[in-house]
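None of the values given here were measured: they were computed from a predicted structure.
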Amino acid sequence: MNNSSRLIFALSNMEVRNYFKDCKHYVSFELPYYFDFSQVIIISSALLIGKQLADVCRRNSDGKSIWPASFGNVNHTILSNKDGSFAWRPMQIIHPILYLDLVSILTDQDNWKLVCKLFANFSNSRVDCISLPRKSMSQDSDKAELIKSWWDKIEQESIRKSLDYRYVFMTDISNCYGSIYTHSLEWVFHKGGRNGVKKDRSNGKPVYNLGTKIDQRLRNMNQGQTIGIPQGSTLMDLIAEMVLGGVDLELDQTIKNELKGFTDFSILRYRDDYRIFTNDFQKGHEVMRILNNALYGWGMKMNTVKTFKSDDLILSSIKTEKVEQIVSAPIRQYYQKEALRIYSLSQKHPNSGLVATELSKFYDRIDKSRHLKHFDHEVIASIITMIAYFSPKYIPQVSAIVSKIIEKSKEPSFGKSLTKRIFKKFEDLPNTGLIDIWLQRIAAPSKIRLELKSELTQVAIAKKDNSMIWNSDWLDGKSKSTIDKVPISNLEALVESGDISPVIERQEFQLFRRDYF
């Protein structure tokens, strides 16, 4: 690993607190640049200074606090359509008060020491986890630095292991964030782990630790539910790593107990993705069985579709789509053929990171071109748009390319017509919140009117206040009024002043510097 980033456990508790207050960690998925949550984070922090969460909650007739766990929709959920059909991933923007309450608890000086100690203990297992949050020391984002670790450790290290091992077993966890049992945070911070908590409880001994506090706050975000944590922030990535680290420790200990003396193996984990290397095929199966049982005990299960074994450690170490791109992709070809190649790649490997990278490169190529024939404008835009139709996660890159094609056409009527046709095409898709948001980014600068349904698009232009995205009815009157009115977008002002470019520039969706790969 290079020195371009540091694990957050090397930071002080106050440095980590500021890290999590950064907007790019509060919302870690892509939104247009005019969404700015910094003010609501600052104001929410001010409301909580010197107070507990109970102090800003409404009171019932007995004077007791009414907790947010009694209310639905306290977080804003954007259902991101994964395949243009019925596979959805819920991305959440956590209520800022609840988010900062959890940040405050975790980054308390003593509590942060416990967290650092916990992850130091995790590092003693035979599972090498490489997905822990990092702070970038380079021009790339923290998210980009974490993805680099995939290349540096998972792919590169997996290839190196081909000299030492004959087999690799691979799997991941089905619906990982959605299946995390919040009570399991207590297990993580208990000396005896999962079994220790159960033993104490069966003996009538109370259990209360940092995990209990985290658990309570997670349930406040989810109407009291104990299954699932919000996805869409770096903070929740850390919470997930706490639970997965507990699974890793149990996996390591069970291997020692059941496969006594067996040390000829190595395990890499990137979030919910496991790779097990060994020279003993039968023992590899045994490790997979133990992992499956460990996950079951924590309320999770393997994704059987993505579970397989191989004796080809080179090609299995690199994602299939990347192998295809390396081996068969031409260096350069005509724009339409290049668009078709990326479209074909997205059909074979939907939602892969490589397709996003290829789209970014295609954007750069169009950006540098001096002109495109009119025929190319419509055809290329159609091909690129259909990539997002079948894999909506690419909507930021696709929107940027479409905006660039419209610029190159130099015909305003073409841009207006194309935007409306794209909007109409996406209308029949269910749960298109993110698509609406990025279509608004294309349409708003040219004042093209679209009937967008996403609540966030309405808040973006100040047609509705924040009560549409966060249910703050559990807050006291003054706090609720304050949170509801804090602007989280300056899109309307940018449109009125003409200061928003109709072209989506690369830095709006850029993950890496151009020269990284």
Positive for ring-ring contact (aromatic ring centres under 6.0 Å, His included) with F119, one of F189, F9, W112: F9

Aromatic W470 / basic K480 pairing, under 6.0 angstrom, 45° off normal: no

Side-chain donor-acceptor contact under 3.5 Å, Y389 with D428: yes

R59-S65 side chain donor-acceptor pair, cut-off 3.5 Å: yes

Pairwise distance CG(L185) to NE2(H190) - rounded to 0.5 angstrom: 14.0 Å

Below 4.0 angstrom, N of the basic side chain to O of the carboxylate: do [X] and [Y] qualify?
X: D465; Y: K485; result: no
X: E15; Y: R6; result: no
X: E508; Y: R441; result: yes
X: D476; Y: K478; result: no
X: R269; Y: E241; result: yes

Minimum side-chain heavy-atom gap I442-I504 below 4.5 Å: yes

Any side-chain heavy-atom pair of L106 and I214 under 4.5 Å: yes

Greater than 12 external heavy atoms within 6.0 Å of E427's CD: yes

Over 12 non-hydrogen atoms of neighbours within 6.0 angstrom of CD in Q109: no

Aromatic plane relationship, Y363 with F509 - under 30° parallel, 30 to 60° tilted, over 60° perpendicular: perpendicular

Tell me which donor-acceptor pairs under 3.5 Å the side chains of residues 92-101 have, and how far apart each pair is, sequence neighbours excluded?
residue: Q92; atom: OE1; partner: N75; partner atom: ND2; Å: 3.0
residue: H95; atom: ND1; partner: I97; partner atom: N; Å: 3.2
residue: H95; atom: NE2; partner: S472; partner atom: OG; Å: 2.8
residue: Y99; atom: OH; partner: F20; partner atom: O; Å: 2.5
residue: D101; atom: OD2; partner: R217; partner atom: NE; Å: 3.0

Let me have the donor-acceptor pairs involving side chains of residues 175-182, under 3.5 Å, with sequence neighbours excluded, atom names and distances please.
residue: Y177; atom: OH; partner: D237; partner atom: OD1; Å: 2.6
residue: S179; atom: OG; partner: N175; partner atom: O; Å: 2.9
residue: S179; atom: OG; partner: C176; partner atom: O; Å: 3.2
residue: T182; atom: OG1; partner: D215; partner atom: OD1; Å: 2.7
residue: T182; atom: OG1; partner: T226; partner atom: O; Å: 3.3

Residues D172, Y270; criterion side chain to side chain donor-acceptor pair (under 3.5 Å); working and verdict: CA-CA 9 Å; D172 71 8; Y270 183 92; over 6 Å; no

Shortest non-hydrogen contact from P392 toward I435: CB-CD1, 3.7 Å

side-chain contact (heavy atoms from CB on, under 4.5 Å) between K425 and I422, worked out: CA-CA 5 Å; K425 181 66 182 179; I422 292 172; 5.5 Å; no

Results of side-chain contact (heavy atoms from CB on, under 4.5 Å) for L249 - residues two or more places apart only: N121, F122, S125

Set of residues satisfying side-chain contact (heavy atoms from CB on, under 4.5 Å) with respect to N60, sequence neighbours excluded: D62, K64, I66

Where at least one partner belongs to residues 102-112, residue pairs that pass salt bridge (Lys or Arg N to Asp or Glu O under 4.0 Å), sequence neighbours excluded: none

Exercise answer: donor-acceptor pairs, residues 450-461 side-chain atoms, under 3.5 Å, sequence neighbours excluded:
residue: S454; atom: OG; partner: L456; partner atom: N; Å: 3.3
residue: T457; atom: OG1; partner: S454; partner atom: O; Å: 2.5
residue: Q458; atom: NE2; partner: L452; partner atom: O; Å: 3.2

